[in-house]
Amino acid sequence: MDEGVKMKKDFLSIDDIKKEEILDVIDLAIQLKKKPIGNFLNGKVFCLLFEKPSTRTRVSFESGIKQLSGSTIYLDATTSQISRGETVEDTARVLDRYVNAIIARVFSHKTLEIMSKYMNAHVINALSNLEHPCQILADLMTIKERFKDFNSLKLVYIGNGNNVCNSLLLGCAKVGMDMAVACPKGYGPDEKIVELARNYTNVSKSSVTIGIEPKEMVKDANIIYNDTFISMGNEKEKQKRLGIFVPKYQVNEKLLRWASSDVFYMHCLPAHRGEEVTPEVIDGPRSIVFDQAENRMHVQKALILKMMGIKF
Ligand code: CP
Ligand code: NVA
């Protein structure tokens with residue numbers, strides 16, 4: 001097997017991947033979608049260490065790795081020694097002796113940074129409080145499939161300025177898509193990430209707009225994107241958040257009347273019909289949410305091959 005050009009050892013953030021690498025990963029993912037099976041990961045072992053629930057991330061990684069002849073070990077953090085007080089540092093140093101990569105879903109982004117420091121093996125962010133970069137690679141792939149090019153597109157994110165929103169800001173800014181975020185005061189994206197994204201827009205000649213009014217923003221949108229109002233870990237705030245978000249930030253037919261008739265609707269899933277989106281929208285003709293979900297698997301396979309320098 002040929003050794004290709006390697007990316008950074010770890011993928012904790014969309015900031016760990018250059019624009020050209022994003023485009024390469026997407027191109028490879030499109031090829032893998034057509035030819036999904038191979039021996040590229042023969043003998044390689046991946047540990048999925050999850051502190052939070054998952055359907056898509058877990059199964060898309062496990063299935064994709066197995067299609068490429070690698071093997072996976074799922075470690076639920078609640079049944080690991082971390083739950084009894086073993087440090088992340090020690091856990092990382094031990095797992096480093098056993099596996100080629102760790103794919104971790106964590107509450108605190110800091111946990112990933114510690115793993116990165118203490119492991120020679122690759123560390124991949126499978127969602128943290130701050131970012132969800134694998135999701136955004138799949139989203140960009142889905143957008144590329146529909147539009148062929150990123151330039152002159154506008155994505156409008158509505159609702160909670162969370163991990164998905166943060167990674168989307170960096171991803172759109174890197175590839176040159178305009179992005180606008182409409183969220184209630186106090187629920188905006190991470191300020192440092194907004195600043196970083198703005199720096200990238202200077203290079204890619206795109207824009208980042210942060211505001212509170214969805215109706216104005218969706219007028220010239222090509223894509224409307226949203227996510228749950230209650231991320232994992234925010235469950236105690238459910239009633240308060242629904243009261244703040246649903247009246248103004250739900251994506252429904254009424255809001256879509258302000259947008260172009262050919263706008264696409266995206267959501268990372270899981271969705272909560274009647275909360276952030278109505279069934280008419282998510283199950284309607286504008287929705288491409290299941291393409292997004294499928295592309296998680298293809299793009300993560302491509303990411304792993306590129307990170308490990310394995311040529312397809
Ligand atoms: N979109 C996403 O990460 O889904 P899961 O929580 O099911 O992995
Ligand atoms: N942003 C949400 C959903 C991600 C799949 C969360 O962090 O729970």
Side-chain angles (χ1 to χ4, degrees), residues 11-14 29 46-65 72 74-78 102-112 124-143 155 157-171 181 183-184 187-190 193 223-238 240-242 244-245 249-251 265-273 275-277 282 287-301 303-304:
F11 184 60
L12 308 192
S13 162
I14 289 285
F46 297 76
C47 177
L48 284 87
L49 173 56
F50 278 41
E51 293 178 353
K52 301 179 185 181
S54 168
T55 298
R56 277 145 292 273
T57 307
R58 177 179 177 181
V59 179
S60 60
F61 266 113
E62 292 213 46
S63 184
I65 289 166
T72 59
Y74 181 76
L75 185 57
D76 174 350
T78 60
I102 185 156
I103 297 164
R105 170 165 283 198
V106 295
F107 282 99
S108 167
H109 195 77
K110 182 86 191 145
T111 303
L112 296 171
I124 296 177
N125 180 357
L127 182 146
S128 70
N129 61 322
L130 192 64
E131 282 209 49
H132 196 2
C134 294
Q135 177 67 52
I136 274 49
L137 291 181
D139 298 340
L140 293 175
M141 174 181 176
T142 310
I143 293 167
L155 182 147
Y157 180 95
I158 295 173
N160 187 19
N162 61 11
N163 42 13
V164 170
C165 180
N166 288 336
S167 292
L168 267 174
L169 279 164
L170 292 174
V181 179
C183 48
Y187 293 92
D190 182 86
I193 288 189
I223 298 143
I224 295 174
Y225 194 122
N226 77 348
D227 184 13
T228 180
F229 297 143
I230 300 116
S231 284
M232 291 178 273
N234 298 145
E235 289 79 5
K236 283 194 185 134
E237 294 176 30
K238 181 169 179 177
K240 179 183 162 208
R241 281 174 176 255
L242 290 180
I244 293 169
F245 282 96
Y249 299 93
Q250 183 185 70
V251 178
Y265 173 73
M266 296 180 76
H267 188 307
C268 61
L269 303 180
H272 308 82
R273 288 167 176 78
E275 294 182 14
E276 73 271 14
V277 64
I282 195 164
S287 173
I288 51 173
V289 300
F290 296 107
D291 291 341
Q292 282 175 266
E294 177 185 340
N295 286 338
R296 290 292 303 274
M297 184 173 70
H298 307 303
V299 93
Q300 288 159 190
K301 287 162 80 177
L303 174 74
I304 287 170

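Whatever order the structure lists ligands and atoms in, that order sets their numbers, starting from 1.
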- Message: Between the side chains of Arg241 and Glu275, is the shortest nitrogen-to-carboxylate-oxygen separation below 4.0 Å, so that they form an ion pair?
- Response: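 A salt bridge is absent here (no side-chain N lies under 4.0 Å from a carboxylate O).
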- Query: Can you check whether His132 has an N/O within less than 3.5 Å of an N/O in ligand 2?
  - Reply: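 No; the residue has no nitrogen or oxygen that sits under 3.5 Å from a nitrogen or oxygen of the ligand.
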- Query: So do the side chains of Leu130 and Asn125 get within less than 4.5 Å of each other, counting heavy atoms only?
  - Reply: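 Not touching, per the 4.5 Å side-chain cut-off.
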Whether [X] side chain and [Y] backbone form a donor-acceptor pair below 3.5 Å:
| X | Y | result |
| --- | --- | --- |
| Asn166 | Pro189 | no |
| Asn226 | Gly159 | no |
| Ser167 | Glu131 | no |

Atom indices of ligand 2 within 4.0 angstrom of [X] heavy atoms, with elements:
| X | value |
| --- | --- |
| Ser231 | 1 (N), 2 (C), 6 (C), 7 (O), 8 (O) |
| Leu269 | 5 (C) |
| Thr228 | 2 (C) |
| Leu127 | 4 (C), 5 (C), 7 (O) |

- Query: Are Tyr187 and Phe245 close enough that their ring centers fall under 6.0 Å?
  - Reply: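 Yes.
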- Determine, considering heavy atoms only, which of Asn163, Asn234, Asn166 sits nearest to atom 7 (O) of ligand 2.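 Minimum heavy-atom distance to atom 7 (O) of ligand 2 goes to Asn163.
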- For atom 1 (N) of ligand 2, what is the nearest protein heavy atom, given as residue, atom name and distance?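 Looking at atom 1 (N) of ligand 2, the protein heavy atom closest to it is Asp227 OD2, 2.7 Å.
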- Item | Nearest-contact summary for atom 8 (O) of ligand 2 - protein heavy atom, Å |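 Result: Met232 N, 2.7 Å.
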- Stepwise side-chain contact (heavy atoms from CB on, under 4.5 Å) check, Leu127 with Thr57: CA-CA 9 Å; Leu127 182 146; Thr57 307; 5.9 Å; no
- Task: Please round to the nearest 0.5 Å and tell me the distance separating atom CD1 of Ile136 and atom CE of Met141.
- Result: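 Here the interatomic distance stands at 14.5 Å.
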- Task: Report all protein residues having a heavy-atom distance below 4.0 Å to some atom of ligand 1; order the list by chain, then number.
- Result: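 Only Ser54, Thr55, Arg56, Thr57, Arg105, His132, Gln135, Cys268, Leu269, Arg296 have heavy atoms that fall under 4.0 Å of ligand 1, ordered by chain and number.
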- Evaluate the criterion side-chain contact (heavy atoms from CB on, under 4.5 Å) for residue pair Tyr249 and Phe229; output intermediate values, then yes/no. CA-CA 9 Å; Tyr249 299 93; Phe229 297 143; 4.2 Å; yes
- Which residue, Arg296, Gln300, Glu294, forms the side-chain hydrogen bond (donor to acceptor under 3.5 Å, both in side chains) with Ser60?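 Testing Ser60 for a side-chain hydrogen bond (donor to acceptor under 3.5 Å, both in side chains) against Arg296, Gln300, Glu294 leaves exactly one candidate, Gln300.
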